[in-house]
Every structure is written in C-alpha cells, then in structure tokens.
Number of protein chains: 2
Amino acid sequence: MKRNTRQRDAILGAISDARRPLSTQEILTEAQVVVPTLSIATVYRNLKDLTAEGWVLPVKLPGEADRYEVTKLGEHYHFKCSSCSKVFDIHETIKNKELPVPADFVVESYDLILYGRCKDCTPKSRNSGPGASKHT
Amino acid sequence: MKRNTRQRDAILGAISDARRPLSTQEILTEAQVVVPTLSIATVYRNLKDLTAEGWVLPVKLPGEADRYEVTKLGEHYHFKCSSCSKVFDIHETIKNKELPVPADFVVESYDLILYGRCKDCTPKSRNSGPGASKHT
DNA sequence: ATGCTAATGATAATATGATATCATTAGCAT
DNA sequence: ATGCTAATGATATCATATTATCATTAGCAT
C-alpha cells in the first residue's frame, strides 16, 4: 500500500515552490532543507512516481539532464539564462498560425526554447548582475 | 601536418549529401558506403575536427545525442518526425517580433523544434507511409 | 620509392545520469 | 504499542555517448 513520506512531500514541495523547472540536484538541495538525510536515489524514485501520477513533468532542454516542474502550468515555453543557467517559464503565447511549417509536414507539437539573460543577469542593472545574489 | 584522408572526405560527404542532420550512427553507415572499414572512433574524431574548423554544426535536440549538419545553412529550425525519427531542416522564418518574451528578459537566441509527421509518414498517403521506403 | 608521423581501427576506458540492490527505517492499519 | 512491509539511504551497477589508448596503416614531402 502506498505511503506518504516526508521525503515525498519535501520533493514535491520543492518543485511546487520553485516556480521554475529544477534539476535533480536542485531538488535534492531544496528538499534537504526539510529532510536533511534525503538521498539522491529517493529523489529519482519519487520523481518517477510523481511523473507517472501526473504531478510533475520533465522539462527537456537540448544537451541537458531533465528538469522538473509541476503539471498544472498549462502551455508555456522555457527560457534559459546563459549567465546563471536557471530555466524560467514563459507563459506568453505564440499563435499556431505563426509557426513556420512546410506544407508537407503535419505538426503535432513544438518546443520553443529561448536563450538569453534573465532579469537578475541583465548587464544594465549592474548591482544585481550574476554574483550579486546566490545562484544555483 | 594535417592530412586529407578518405575517411574525412566520406564523413563530410555523408553530412553534406544528407540535407538533414545525421546522427553519428547514420554518418558511420553512410560513410561506410565509401570507406567500408570506417570506425566509429574516426567518425567522432573527424566530427570534432570538422566542428572546430567550422564545417559542420551539432544539432541538439532534447534528450537525444547530437546530430550533425553542414554550417552553411543559415538560420533555420528543426522538425523531428515522430514516426521515422528523422530530423529535417525547416527554412521558413519566424519574425522575432512575434516571439513571446517578458519585458525583463533579454533574448539572445532561440530554438524552435517542431514534432509531428514528415512527408513520408503522413497517414493520408497510405502508400508512402513508414515502412514503404527504407528509414534510418 | 622511402621515411616520417598523422590518422586510423579496434577496443578499452571514461563520464554522467539514472536505476538496482539490500539492509535498515518508519508509515499506517490493526 | 505492534507488526507488516513500503520506502529510504548508501552505494553499486547499468546504459549510453564519447574519448583515450596503442599498434598498425597510409598521406605526402622528399
């Protein structure tokens, strides 16, 4: 029979609170604030369960390990900061009609990944650039 | 001193002729048509050289190993067929102004990856679906 | 044609993310 | 409070893509 554990709560809590996709290491670190003895194996185990149960979704970026975020976010895209490496959700919308698609191809889904500088890492605000605050 | 080898020519030739990004295994298979003794190690070695010299570029898709294509293609996107798993180039253009970007973020580049059915794998043309011709 | 040595082929080794193992811990029904 | 056993923690193992090793091959300058 399925059991509720502090570990599972801490892991789901970390993902929910982050408001951006977290790597497995970030999840481990955040959840260890609540459960210091938490093991990376338990993180992976619970991520698999939580994904199968539909609570979280893997966020896949080219050339990188999966990050995870809560499911209820709806359609959105991702922005990766080239400075602090954090990934953010972009909830603005792109109209399907604007997608560049050749006639012969049937598009079932698509991923839009933006790369650049996040708010905290824009060069202009030089007192809040990378290094000004802790980054993961 | 640098030497021209049949292997290098065969590898670059395979990538040039493909007109779509090829995986390392596809490159090996295609180049072996010209140089049957070609080893996968030589493929990787030459891909590294050709990339460093600017002849080819790695194409990175989420959760997948790098594919390679020639550099001279200019700005474009990629389409992955969910049936035959081939990746195709999409040369249509998306206007930057249409990109969904929050005010605080500075976008330096972006990736658009489309998923769906390629021409050969559309259900409607049932005499040219997957299996009708050799796929990689 | 010869010699130097870069490049190759075959395969072992590595790196990394993820999974399996197993003794121990701790939910939760009783 | 007790017992059953799911879940955990620590770590070994696996899977895959890529790189290193090294004896052999083959460009190419002479």
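Each chain gets a letter, A, B and so on, in the order its sequence line appears, and its residues count up from 1. Note that these values count all heavy atoms, side chains included, but never hydrogens, waters or copies made by symmetry.
If you check the side chains of E75(B) and Y77(B), you find a donor sitting under 3.5 Å from an acceptor.
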Protein-to-nucleotide contact annotation, 5' to 3' order, nucleotides 23-30 of chain C [B base; S sugar-phosphate only; - none; under 4.0 Å, heavy atom]
---BBSS-

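More than 12 heavy atoms of other residues, nucleotides or ligands lie within 6.0 Å of NZ in K80(B), so this atom counts as buried by the packing criterion.
Two residues are said to be in side-chain contact when any heavy atoms from C-beta on lie closer than 4.5 Å; I40(A) and Q25(A) meet this criterion. Using a 4.5 Å heavy-atom cutoff, the side chains of H78(A) and D89(A) are in contact. No side-chain heavy atom of D111(A) sits less than 4.5 Å from a side-chain heavy atom of D111(B).
A distance of 9.0 Å separates CD in Q7(A) from CG in D9(A), rounded to the nearest 0.5 Å. Rounding to the nearest 0.5 Å gives a distance of 10.5 Å between CG of D104(B) and CZ of F88(A).
Going from atom CZ of R67(A) over to atom P of dA18(C) covers 11 Å, rounded to whole Å. What separates CG of L28(A) from P of dT8(D) is a distance of 13 Å, to the nearest Å.
Q32(A) and L38(A) make their closest contact through NE2-O, 2.9 Å (heavy atoms, listed as atom of the first residue, atom of the second, distance).
Applying a 4.0 Å cut-off to non-hydrogen atoms, the residues of residues 36-49 of chain A that approach DNA chain C are A41(A), Y44(A), R45(A), listed by residue number.
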